[in-house]
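Counting convention: from 1, in listed order, for ligands and their atoms alike. Keep in mind that the numbers below use all heavy atoms, side chains included, and drop hydrogens, waters and symmetry copies.
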Amino acid sequence: MKFFQKTKKEVNKHQKALSELIRVVGEERILSAIEDRICYSYDATRQKVLPDIVVRPADTNDVSNTLKIASKYKVPIYARGAGSGLTGGAVPLMGGIVFDLKNMNRIIEISPDDFTATVEPGVVTKELQDEVAKFDLFYPPDPSSAAFSTIGGNVAECAGGITGLKYGVTRDYILSLEIVLPDGSVINTGGKALRSTTGYDLTRLFTGSEGTLGVFTKITVKLIPKPEKILTVAAYFSERDDAVDAADLIIDNNILPRTLEFLDQMTINAVRGYTGADIGEDVKALLLIDIDGTEGSISHEVPIIENACRESNAFRTKVAETAEERDAIWATRRSISPALYNIAPHKINEDICVPRSKIKEMLQRVDRIKTDQPIYIANFGHIGDGNIHVNTMYSDDPGQEELAESIVNKVMKEVVKLGGSISGEHGIGNKKSQFMELEIPSHEYEIMKKFKSYFDPKGIMNPGKMFIR
Ligand SMILES: Cc1cc2nc3c(=O)[nH]c(=O)nc-3n(C[C@H](O)[C@H](O)[C@H](O)COP(=O)(O)OP(=O)(O)OC[C@H]3O[C@@H](n4cnc5c(N)ncnc54)[C@H](O)[C@@H]3O)c2cc1C
């Protein structure tokens with residue numbers, strides 16, 4: 001556990017801020033005991049830095065009052081949803097205040113007439129999906145963390161997930177935001193209209209801003225009709241390149257699956273070892289394909305998908321129709337994360353994204369970077385979007401961490417050379433800030449920093465994230 005070392009002056013300021021917060025926001029909304037603060041010191045990156053206090057606002061007013069005080073005393077402030085981020089976004093690197101938004105978790109309105117829902121930021125994504133489904137509506141963004149991550153965190157990271165190929169990512173569903181700026185003022189962007197070309201698109205600017213520009217306190221999302229039926233096809237390959245070809249061929253046949261997921265041999269081996277899944281040793285790559293639509297459209301698409309897989313040398317395909325059969329297939333995908341920890345105790349989980357035509361080449365470059373190095377790399381992910389999770393797994397042995405980092409470094413350079421992005425969905429946080437300038441040219445980087453200093457001139461919102469200079 002790390003503590004951010006403060007100067008005497010900073011300690012004084014923090015104490016003044018704390019007494020003012022107790023007076024204005026109320027003691028019952030503040031946690032300052034060490035055992036409470038420890039619970040807010042980390043996210044899924046396992047970095048740990050202790051905050052000075054935790055504020056648990058009940059409403060926009062509490063958020064605004066806290067930010068006014070933080071701004072007055074220049075105390076760092078870190079918004080936090082479920083803390084499931086994979087790039088360190090919610091970790092309070094410089095101590096200060098953690099803003100726990102989980103208590104602001106009301107679904108304010110579901111409007112079947114407008115196809116919209118308005119929620120507070122602490123609503124868990126799956127809860128929103130389930131609630132709108134009762135109206136036969138569908139909120140498509142579906143990160144694998146949907147069962148515990150919050151809509152606020154999803155908007156801040158512009159979360160992606162398995163449905164991105166057909167339905168897009170979080171930013172494609174955000175219609176309007178209520179945002180409290182670092183000085184405590186409240187702004188509203190967008191509206192309930194499904195289209196607006198009035199002025200600059202502030203909603204898009206803030207979506208993906210990783211808690212560095214302001215705090216979302218109300219979010220209106222777009223909904224679409226719930227597909228009538230979902231069906232899963234699993235396709236098994238003895239060559240990795242064949243699976244990549246099959247993914248291409250499915251799309252070339254004008255089919256846009258709901259999900260098009262890829263697992264390489266290392267990932268499959270890990271899952272087999274962890275779950276005992278019945279996947280033969282001869283399987284070197286696996287595609288998991290969900291299609292949705294009407295009974296008619298699905299029965300039209302299944303044979304096309306199976307043919308595309310067979311034409312690309314799949315030696316087996318399996319179609320799952322019932323919820324139980326689908327669940328059995330998807331259990332493989334869901335178990336990847338814990339299964340990988342059976343290979344090695346540490347992993348660096350990257351979420352690179354390359355143009356679809358470069359996927360095969362990218363995977364070959366990862367192989368070349370690894371060659372004979374004593375380390376494991378498992379690749380899986382949203383192949384339809386070119387968004388691959390390259391997981392570099394390493395042990396506690398001396399030199400392993402450095403080796404893993406140097407491999408990741410080289411992978412990032414290759415991604416950018418192929419015209420890709422260093423982050424398809426997890427954001428930058430502090431874990432990837434060193435790579436930002438590989439992808440973002442210096443002029444554009446400076447423009448981004450100007451936005452940051454316009455909205456947050458005192459630099460109190462999530463300091464230490466996104467930018468390294
Ligand atoms: C097992 C697992 C699977 C995952 N799968 C996916 C996946 O498929 N796709 C994907 O994209 N991600 C995935 N993630 C990453 C993570 O779940 C997402 O980034 C998610 O959006 C984070 O939400 P959260 O509520 O946990 O946010 P946190 O981790 O608490 O915060 C993330 C960032 O959002 C900011 N933030 C939070 N709330 C607000 C707010 N109200 N206003 C302003 N800023 C805010 C924080 O300051 C921080 O910078 C996965 C993580 C895990 C552990």
Side-chain angles (χ1 to χ4, degrees), residues 40 42-47 51 57 60 63 67 76-93 96-105 119-128 141-164 169-171 174 177-182 206-219 259 261 333-341 347 349-351 353 380-382 385 387 389 391 423-433 455-456 461-466:
Y40 293 89
Y42 58 88
D43 70 359
T45 60
R46 303 187 186 188
Q47 302 176 91
T60 305
V63 175
L67 278 165
I77 185 145
Y78 295 87
R80 181 185 177 91
S84 72
L86 290 166
T87 51
V91 179
L93 287 185
I97 302 168
V98 164
F99 232 151
D100 172 7
L101 291 146
K102 281 205 306 294
N103 283 342
M104 291 178 67
N105 60 359
V119 300
E120 290 185 327
V123 170
V124 169
T125 312
K126 175 136 191 346
E127 200 185 312
L128 174 64
D142 197 15
S144 306
S145 55
F148 45 87
S149 66
T150 65
I151 292 290
N154 290 180
V155 177
E157 297 288 5
C158 187
I162 57 175
T163 52
V169 295
T170 301
R171 81 159 57 82
I174 305 306
L177 294 170
E178 178 184 87
I179 305 160
V180 184
L181 295 179
F206 276 85
T207 304
S209 61
E210 300 191 21
T212 64
L213 300 180
V215 179
F216 313 132
T217 44
K218 213 181 281 170
I219 297 158
T259 67
E261 293 287 297
R333 174 66 178 85
R334 277 197 302 273
S335 62
I336 293 175
S337 204
L340 289 180
Y341 283 110
K347 74 173 174 184
N349 174 1
E350 292 302 347
D351 62 321
C353 191
F380 66 92
H382 323 305
D385 297 315
N387 187 189
H389 295 295
N391 284 259
S423 175
E425 57 180 14
H426 295 163
I428 297 298
N430 67 319
K431 283 309 233 181
K432 281 200 277 204
S433 51
F455 287 107
D456 183 22
M461 287 290 332
N462 212 353
K465 311 296 166 61
M466 208 178 292

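- For atom 12 (N) of ligand 1, the closest non-hydrogen atom on the protein side is His426 CD2, 3.6 Å.
- The N/O atoms of Asp142, backbone and side chain alike, include none that comes under 3.5 Å of an N/O atom in ligand 1.
- The Gly89 neighbourhood of ligand 1 comprises atoms 47 (O), 48 (C), 49 (O), with distances under 4.0 Å to a heavy atom of that residue.
- Judged purely by atom type and a 3.5 angstrom limit, Asp43 uses its side chain to pair as donor or acceptor with the backbone of Gly88.
- Each of the following atoms of ligand 1 lies closer than 4.0 Å to a heavy atom of Asn462: 47 (O), 49 (O).
- Protein heavy atom in closest approach to atom 42 (N) of ligand 1: Phe216 N, 3.0 Å.
- Those atoms of ligand 1 that come under 4.0 Å of a heavy atom in Ala159, given as number and element, are 11 (O), 21 (O).
- In this structure, Leu128 CG and Ile151 CD1 are separated by 5.0 Å, a value rounded to the nearest 0.5 Å.
- Under a 3.5 Å cut-off, the side chain of Thr207 and the backbone N or O of Arg171 do not form any donor-acceptor pair.
- In the candidate list Gly153, Gly429, Gly81, Pro141, Gly81 is nearest to atom 30 (O) of ligand 1, counting heavy atoms.
- Of all protein heavy atoms, the one lying nearest to atom 29 (O) of ligand 1 is Gly85 N, 2.8 Å.
- No part of Thr217 comes within 4.0 Å of ligand 1, judged by heavy-atom distances.
- Listed by number with element, the atoms of ligand 1 under 4.0 Å from a non-hydrogen atom of Pro121 are 41 (N).
- Taking the six-membered ring where the residue is Trp, Phe455 and Phe206 present perpendicular rings, their angle passing 60° and hence far from 30°.
- For the residue pair Asn154 and Ser149, a side-chain donor N or O sits within less than 3.5 Å of a side-chain acceptor on the partner.
- Taking a cut-off of under 4.0 Å to the non-hydrogen atoms of Ser145, the atoms of ligand 1 that pass are 3 (C), 4 (C), 5 (N), 13 (C), 14 (N), 16 (C), 17 (O), 50 (C), 51 (C).
- Inspection of the Glu127 and Asn105 side chains reveals no N or O donor paired with an N or O acceptor under 3.5 Å.
- Remark: the backbone N or O of Ala79 is not paired with any side-chain donor or acceptor of Asn462 at under 3.5 angstrom.
- Among Gly152, Pro57, Ser84, Gly83, the residue whose heavy atom lies nearest to atom 52 (C) of ligand 1 is Ser84.
- Counting non-hydrogen atoms of other residues, nucleotides and ligands closer than 6.0 Å to NZ of Lys347 gives a total above 12.
- Contact annotation: Gly214 has at least one heavy atom less than 4.0 Å from an atom of ligand 1.
- What sits closest to atom 25 (O) of ligand 1 on the protein, heavy atoms only, is Thr150 OG1, 2.7 Å.
- Note on Arg333 versus Glu261: salt bridge recorded, some NZ/NE/NH1/NH2 to OD/OE distance being below 4.0 Å.
- Annotation for ligand 1: atoms under 4.0 Å from non-hydrogen atoms of Ala156 are 34 (O), 35 (C), 36 (N), 44 (N), 45 (C).
- The residue Lys465 has no part lying near ligand 1, judged by heavy-atom distances below 4.0 Å.
- Not a single donor-acceptor pair under 3.5 Å links the side chain of Tyr40 to the backbone N or O of Phe99.
- The nearest protein atom to atom 7 (C) of ligand 1, hydrogens excluded, is given as Ser144 N, 3.4 Å; this is a heavy-atom distance.
- With ligand atoms numbered from 1 in the order given, ligand 1 contributes 30 (O), 31 (O), 48 (C) to contacts under 4.0 Å with heavy atoms of Ala90.
- The closest protein non-hydrogen atom to atom 46 (C) of ligand 1 is Ala79 O, 3.0 Å.
- Looking at atom 19 (O) of ligand 1, its nearest protein heavy atom turns out to be Glu157 CG, 3.4 Å.
- No side-chain N or O of Thr212 forms a donor-acceptor pair with one of Glu210 less than 3.5 Å apart.
- Residue contact annotation: Asn154 has a non-hydrogen atom under 4.0 Å from ligand 1.
- Given atom 1 (C) of ligand 1, the protein heavy atom at minimum distance is Phe148 CZ, 4.1 Å.
- A distance-only check finds no donor-acceptor pair linking the side chain of Lys102 to the backbone of Val124 [under 3.5 Å].
- Formation of a donor-acceptor pair under 3.5 Å by the Asp351 side chain with backbone atoms of Glu425 is found in this model.
- Counting the atoms of ligand 1 from 1 in the order shown, those under 4.0 Å from a heavy atom of Arg80 are 30 (O).
- One N or O on the side chain of Lys465 and one on the backbone of Gly89 form a donor-acceptor pair closer than 3.5 Å.
- When non-hydrogen atoms are compared, ligand 1 lies under 4.0 Å from the side chain of Leu101 (C-beta onward) but not from its backbone.
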